[in-house]
2 protein chains.
Amino acid sequence: MPNCKSPPFEITLKVRDSCLCLHLQRAARAVARQFDEALRPLDLTNGQFSLLMSLNRSEPPSIGSVSALLAMDRTTLTANLKPLERRGLVQTAIDPADRRSRRLTLTAAGSALLAAAVPVWEETHAATEHLLSGADPERLRTDLRALSGPRAVALCP
Amino acid sequence: MPNCKSPPFEITLKVRDSCLCLHLQRAARAVARQFDEALRPLDLTNGQFSLLMSLNRSEPPSIGSVSALLAMDRTTLTANLKPLERRGLVQTAIDPADRRSRRLTLTAAGSALLAAAVPVWEETHAATEHLLSGADPERLRTDLRALSGPRAVALCP
DNA sequence: ATTTATTGGGTTGATATCCACGTATTTACG
DNA sequence: CGTAAATACGTGGATATCAACCCAATAAAT
């Protein structure tokens, strides 16, 4: 008699149909693939695009503030910066006012590449919102922000 | 005069506030962390939990069907199976009816661990839905399914 | 029946993600 | 002041994710 201690199949159906974590992972993977594919001619991923975009401001932000903005682990951001630094798209410099902090800035090449990616983003984002059919994208964004924790901090300069 | 070719700052604000890809990645990361933390005593990640749960059925599914269900790349699933196989939670066997296909089954240890994880999932999922405050979780799930592509295929046995 | 196309998976290489641990700097406190 | 707590990052290790390329087995075409 197999599966003496197995969870009942009804639980499996419940998780499949209702788990927000699973639903989020699926949607995040699917949408990320769309953006990755669209950005591939520029040799950028969706995460690299979002990261570069978050650095497009006059006051160079620190590692911690960007990682909070993107709701990612601080060490993940450190890792993600390496290929961008290697390609000369981003530069880091120690903050003279607080020598623990590193300030992140786009290079000219980084800014140019980011500018070239904007039309791709516009197009892909429109296609993504189109997938929602009649649903309200802003309402979805509100829900996603609520799940992202109190990290929707200010990016303003 | 720096940033001659930089995207205008208004674009940055627009992406930050409206990009569904970014919003999804943020929420997915944040929620995944919650589940990972809750499941850590069982030495499971949210992805491992979802994968094990998707194998809790009488007819052992193939790699391709599970990867479609989870909306992940086929090769990602192959990689994710390795630590679970190493721990003796999952077994794979060539399908005699089609020798290209590998059928995935939970072991007794896998079923037992999954059963132990169900209460953790219940608790964590309730906390996640609570983050939505007044919003309708089912409406959010509907939106997420629309973004996950036509992969919400049947898991039924 | 042979050839061809399709399908199901695996492997490798690169990036992504997070945790546990450690280091350096700054701030707070006594 | 000088020490303790807090802050800002980095490294190493493990898993996660996907593209590109390859192989084996089945299905389709002539």
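Each chain gets a letter, A, B and so on, in the order the sequences are listed, and its residues count up from 1.
Formation of a donor-acceptor pair under 3.5 Å by the T76(A) side chain with backbone atoms of M72(A) is not found in this model. Proximity of a side-chain donor or acceptor of R26(B) to a complementary backbone N or O of L70(A) within less than 3.5 Å is not detected. Proximity of a side-chain donor or acceptor of H125(B) to a complementary backbone N or O of V15(A) within less than 3.5 Å is not detected. Counting only distance, with no hydrogens or angles, the side chain of S67(B) and the backbone of G64(B) share a donor-acceptor pair below 3.5 Å.
Considering only side-chain atoms of R100(A), the nucleotide from dA16(D), dT26(C), dC18(C) that sits closest is dT26(C). Listed nucleotides dT11(C), dT17(C), dT15(D) differ in distance to P83(B); the shortest reach to its side chain belongs to dT15(D). With dG9(C), dT15(C), dT17(C) as the choices, the nucleotide that has an atom nearest any side-chain atom of M72(A) turns out to be dT17(C). Among the nucleotides dC18(C), dT15(C), dT17(D), the one closest to the side chain of A79(B) is dT17(D). Proximity note for N80(B) (side chain, C-beta onward) versus dA16(D), dA19(D), dC19(C): the nearest is dA16(D). Taking the side chain of K82(A) as heavy atoms from C-beta on, and the options dG9(C), dA8(D), dT11(D), the nearest nucleotide is dT11(D).
Residue contacts for R103(A): at a heavy-atom cut-off of 4.0 Å it reaches no nucleic acid atom on any strand shown. Residue G47(A) is out of contact with every strand shown, counting any heavy-atom pair closer than 4.0 Å.
For S101(A) and dA8(D), the shortest distance from a side-chain N or O to OP1 or OP2 is not below 4.0 Å. Note on R40(B): a side-chain N or O is less than 4.0 Å away from OP1 or OP2 of dC19(C). The phosphate of dA16(C) (OP1 or OP2) has a side-chain N or O of Q48(A) nearer than 4.0 angstrom. Taking only side-chain nitrogens and oxygens, R33(A) comes nearer than 4.0 Å to OP1 or OP2 of dC18(D). Close to dG9(C), at under 4.0 Å from its OP1 or OP2, lies no side-chain N or O of T75(B). The phosphate of dA16(D) (OP1 or OP2) has a side-chain N or O of T45(B) nearer than 4.0 angstrom.
A straight line from CG of N46(B) to P of dA16(D) spans 9 Å, rounded to a whole angstrom. Across the protein-nucleic acid pair, L104(B) atom CG and dG9(C) atom P stand 8 Å apart, rounded to whole Å. When the P atom of dA14(D) is taken as reference, atom CG of D36(B) falls 17 Å away, rounded to whole Å. R74(A) has its CZ atom 11 Å from the C1' atom of dA20(C), to the nearest Å. Per the geometry, CG belonging to L84(A) stands 12 Å off C1' belonging to dA16(C), to the nearest Å. Here dA8(D) presents its P atom at 17 Å from CG of L81(A), a figure rounded to the nearest Å. Remark: P of dA20(C) and CG of D73(A) are 11 Å apart, rounded to the nearest angstrom. The CD1-P distance, from I94(B) to dA24(D), rounds to 13 Å in whole Å.
Side-chain contact, T12(B) with N56(A): a donor N or O sits under 3.5 Å from an acceptor N or O.
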R87(A) and L113(A): side chain to side chain contact (heavy atoms under 4.5 Å, CB included), yes or no, with the steps?
CA-CA 11 Å; R87(A) 289 168 62 185; L113(A) 184 58; 3.8 Å; yes

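For R99(A) against dT25(C), a side-chain-to-base donor-acceptor contact under 3.5 Å is absent.
Nearest-nucleotide mapping onto DNA chain C: of I63(B) and D98(A), the residue sitting toward the 5' end is I63(B).
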